[in-house]
Each structure stands twice: as C-alpha cells, then as structure tokens.
Amino acid sequence: MLIKAEKLGKVYGSGENKVTALHRADMEIAEGDFISIMGPSGSGKSTLLHILSGLDFPTEGKLSYDGQDICKMNDRELSAFRRRRIGFVFQQFHLLPVLTARENILMPLLLDRKKEDRAYLGELAELLGISGRLTHLPHELSGGQQQRVAIARALIARPDIIFADEPTGNLDSKSGGEVMRLLAEIRRRMKKTLVVITHDSQIAQMADRRFVIMDGMLSEEGVTIR
C-alpha cells in the first residue's frame, strides 16, 4: 500500500476570517512505515491526519491510496473504504458506554455486516492485555484499559494502516508509555503501517520517520527540500 499526498491544502473561512490550516503538504506513506507527525496545538497536525485518513477533504491537492484518488469517492464509498482499510485511535476513547469492551471492539464488523473471528479477537485481547476485561463496561475500566480496547477496535477489521491522534493525551505517563509500546509492537508483529500525531517529542522519537508541522507547513526530519 502506498499513500501519496500531493500539495494538500486546507483553508477555513474567507476574507478577513480566512485561516490556512494546511499549506501544500507533500507526503508519501509506504507499507510498514512508522511515522510520527509532531507539532504544537493549532499547528495543523490534526487537520493533516483527518485529510490523510479520509475524515475530511482538502481544499486543494490530491490524496491517493495505491493510485486511487479517495477524494473523488462519494460518502458511502469513502465510509466503506475507511471501515475496511483504516483503523483509528483517538485521544478520546470514543467507547459506547452501554456496550461491553467486547461489543465495542466488534462494532466495526457489525457496521460492515461481517462475522466475528473469535480466534483473532482472542489474539488481539491477549496481545493488549485485556482478555479478562472483555465483559466489562467502559466505566469499569481504567483509562489505559479503555485505550487498549479502542486499539483492539481499530484493528478488528484488519486494516492496512492505523492513524493515532494523540493516543496518550488522556493518560498518565506510565499508561501512555505502555500504550505506545503496544502500538509499536502491534505494528511490528502484525506488519501494519502506523501514523501517530503527537506534541510529545519522546513519542515522536519512537518512529522511524519523523515529520514536523508548524503553522500548516509540513517537513520531514533529515530530508532537505530542494
């Protein structure tokens, strides 16, 4: 899988209220990459992630997955594409409070009318250390456990790529460190592509490729733009 972003731009508002959140960003993401995108609050990093993952559309530029321009898909096609090929992990866990951990994990499969693979669910639960918590409701889990459930949910449909937006933002340093180590291990063992948005330099340094975004301008560390 190759993701190619060409001259991506995002502008909000117009006239005096015009804000350029992303300025002509170029980026390639290859299969198996572990990428971090670091920047302060308001730098445009979440805007970039939302566009790269098909949650939002750019004002200008092109975004292709294996040569297919996903910005040309209609809403139904794009929703199906995201469910099947992309996994999301957010700062807010976004677990449904009335569903058990197991039911939250399986939600993407239900939306896509696919059957549960019990062996694969068991593998994920064991890897993430939540095998004994699958029957618990979210409020019965710690923050770290809730994020592990959210990671399992992101992986249950066997996506090609995981986008993680500040995945440790709501966790203490110990739990956050454990979650990042798990994400890195999952990426290695399951041969996934992982893109992490963060403002934490220690998390950013875990990645093999590191990008920085400031005022909507994206650059890759160690790469000279000519």
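What you see is a predicted model; the values in this text were computed from it and never measured.
- Here the CG atom belonging to L2 is positioned 10.0 Å from the CD atom belonging to E31, to the nearest 0.5 angstrom.
- Both V195 and L63 sit in one connected hydrophobic cluster of ILVMFWY residues. Membership requires side-chain heavy atoms under 4.5 Å apart, directly or through other members.
- In this structure, I70 CD1 and S53 OG are separated by 7.5 Å, a value rounded to the nearest 0.5 Å.
- Using a cut-off of 4.0 Å between Lys/Arg side-chain N and Asp/Glu carboxylate O, E185 and R188 are scored as salt-bridged.
- Between the side chain of R113 and the backbone N or O of L110 there is no donor-acceptor pair closer than 3.5 Å.
- C71 and P58 make their closest contact through SG-CD, 3.6 Å (heavy atoms, listed as atom of the first residue, atom of the second, distance).
- Salt-bridge check for E116 with R102: passed, with a basic side-chain N closer than 4.0 Å to an acidic carboxylate O.
- Side-chain contact check for F211 versus L48: every heavy-atom pair is 4.5 Å or farther apart.
- Ring pair F88/F90 is parallel by interplanar angle, where below 30° counts as parallel and above 60° as perpendicular.
- When side chains are defined from C-beta on, L137 counts as touching E140, because their heavy atoms get closer than 4.5 Å.
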Evaluation steps, side chain to side chain contact (heavy atoms under 4.5 Å, CB included), between I213 and M38: CA-CA 6 Å; I213 187 166; M38 188 174 73; over 6 Å; no

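- Looking at every heavy atom in both residues, A184 comes nearest to M206 through CB-CE, 4.3 Å.
- With hydrogens and angles disregarded, no donor-acceptor distance shorter than 3.5 Å links the side chain of T100 to the backbone of H136.
- Cluster annotation: L49 and I35 are assigned to the same hydrophobic cluster (Ile/Leu/Val/Met/Phe/Trp/Tyr, side-chain heavy-atom contacts under 4.5 Å, transitive).
- Between K4 and D66, no side-chain nitrogen of the basic residue sits less than 4.0 Å from a carboxylate oxygen of the acidic one, so the salt-bridge criterion is not met.
- Going from atom CZ of R83 over to atom CD1 of I156 covers 15.0 Å, rounded to the nearest 0.5 Å.
- Grouping the Ile, Leu, Val, Met, Phe, Trp and Tyr side chains by contacts below 4.5 angstrom, directly or via other members, places L22 with F163.
- Here S14 contributes atom OG and Y12 contributes atom OH; the two are 14.5 Å apart, rounded to the nearest 0.5 Å.
- Under the 4.5 Å side-chain criterion, counting only non-hydrogen atoms from C-beta, K115 is not in contact with L109.
- Between S43 and P40, the closest heavy-atom pair is OG-O, 2.8 Å.
- Distance CZ/F57 to CE/M73: 9.5 Å, rounded to 0.5 Å.
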Check against salt bridge (Lys or Arg N to Asp or Glu O under 4.0 Å), D208 and R187: CA-CA 12 Å; D208 300 323; R187 171 253 175 181; 3.0 Å; yes

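- Annotation for L8 and I51: closest pair CD1-CG2, 3.8 Å, computed over non-hydrogen atoms.
- A donor-acceptor distance shorter than 3.5 angstrom exists from the side chain of N170 to the backbone of Q91, with no hydrogens or angles considered.
- A donor-acceptor pair under 3.5 Å is absent between the side-chain atoms of K7 and the main chain of G61, judged by distance alone.
- In this structure, the side chain of E28 does not engage the main chain of I3 through any donor-acceptor pair within 3.5 Å.
- Residue E60 places its CD atom among more than 12 non-hydrogen atoms of other residues, nucleotides or ligands, all under 6.0 Å distant.
- Of the listed residues (R209, K191, K192), just one forms a salt bridge (charged side-chain N to carboxylate O under 4.0 Å, His left out) with D33, and that residue is R209.
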Side chain to side chain contact (heavy atoms under 4.5 Å, CB included) between K10 and H23, worked out: CA-CA 7 Å; K10 184 68 176 181; H23 182 73; over 6 Å; no

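- For the pair T20 (side chain) and V11 (backbone), a donor-acceptor distance under 3.5 Å is absent.
- The backbone N or O of L106 lies less than 3.5 Å from no partner atom in the side chain of R153, so there is not a single donor-acceptor pair.
- Considering every non-hydrogen atom in both L182 and L127, the closest pair reads CD2-O, 3.5 Å.
- Taken from CG in L124 to CE in M190, the straight-line distance is 4.5 Å, to the nearest 0.5 Å.
- For the pair K174 and D172, the salt-bridge criterion is not met [side-chain N within less than 4.0 Å of a carboxylate O].
- Closest non-hydrogen pair, L141 versus A101, comes out as CD1-CB, 4.3 Å.
- Applying side chain to side chain contact (heavy atoms under 4.5 Å, CB included) to I203 and the options I197, T198, V179, L183 leaves one that passes, T198.
- Crowding of D215 atom CG: a count of heavy atoms from other residues, nucleotides or ligands under 6.0 Å not exceeding 12.
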Stepwise side chain to side chain contact (heavy atoms under 4.5 Å, CB included) check, M27 with L218: CA-CA 9 Å; M27 188 180 196; L218 182 71; 4.2 Å; yes

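- Between the Q147 side chain and the G144 main chain, no donor and acceptor come within less than 3.5 Å of each other.
- By the rule that hydrophobic residues join a cluster once side-chain heavy atoms approach within less than 4.5 Å of another member, V89 and I29 end up as members of separate clusters.
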Test side chain to side chain contact (heavy atoms under 4.5 Å, CB included) applied to I105 and L121, step by step: CA-CA 8 Å; I105 292 168; L121 174 58; 3.7 Å; yes

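- Under the 3.5 Å distance criterion, the side-chain polar atoms of Q68 are left unmatched by any main-chain donor or acceptor of Y65.
- Follow the hydrophobic side-chain contacts under 4.5 Å out from L155 and you never reach I161; the two are in separate clusters.
- The 12-atom threshold is not exceeded at CG of D75, counting heavy atoms of other residues, nucleotides or ligands nearer than 6.0 Å.
- Side-chain atoms of K45 and E166, non-hydrogen and from C-beta on, do get closer than 4.5 Å to each other.
- When side chains are defined from C-beta on, I186 counts as touching I151, because their heavy atoms get closer than 4.5 Å.
- In this structure, the side chain of Q205 does not engage the main chain of Q202 through any donor-acceptor pair within 3.5 Å.
- Between F93 and L171 there is a side-chain heavy-atom pair separated by less than 4.5 Å.
- In this structure, R158 is positioned above the aromatic face of Y120, its NZ or CZ under 6.0 Å from the six-membered ring centre and within 45° of the axis.
- Between D69 and K62 there is no salt bridge, since none of the side-chain N atoms of the basic residue sits less than 4.0 Å from a carboxylate O of the acidic one.
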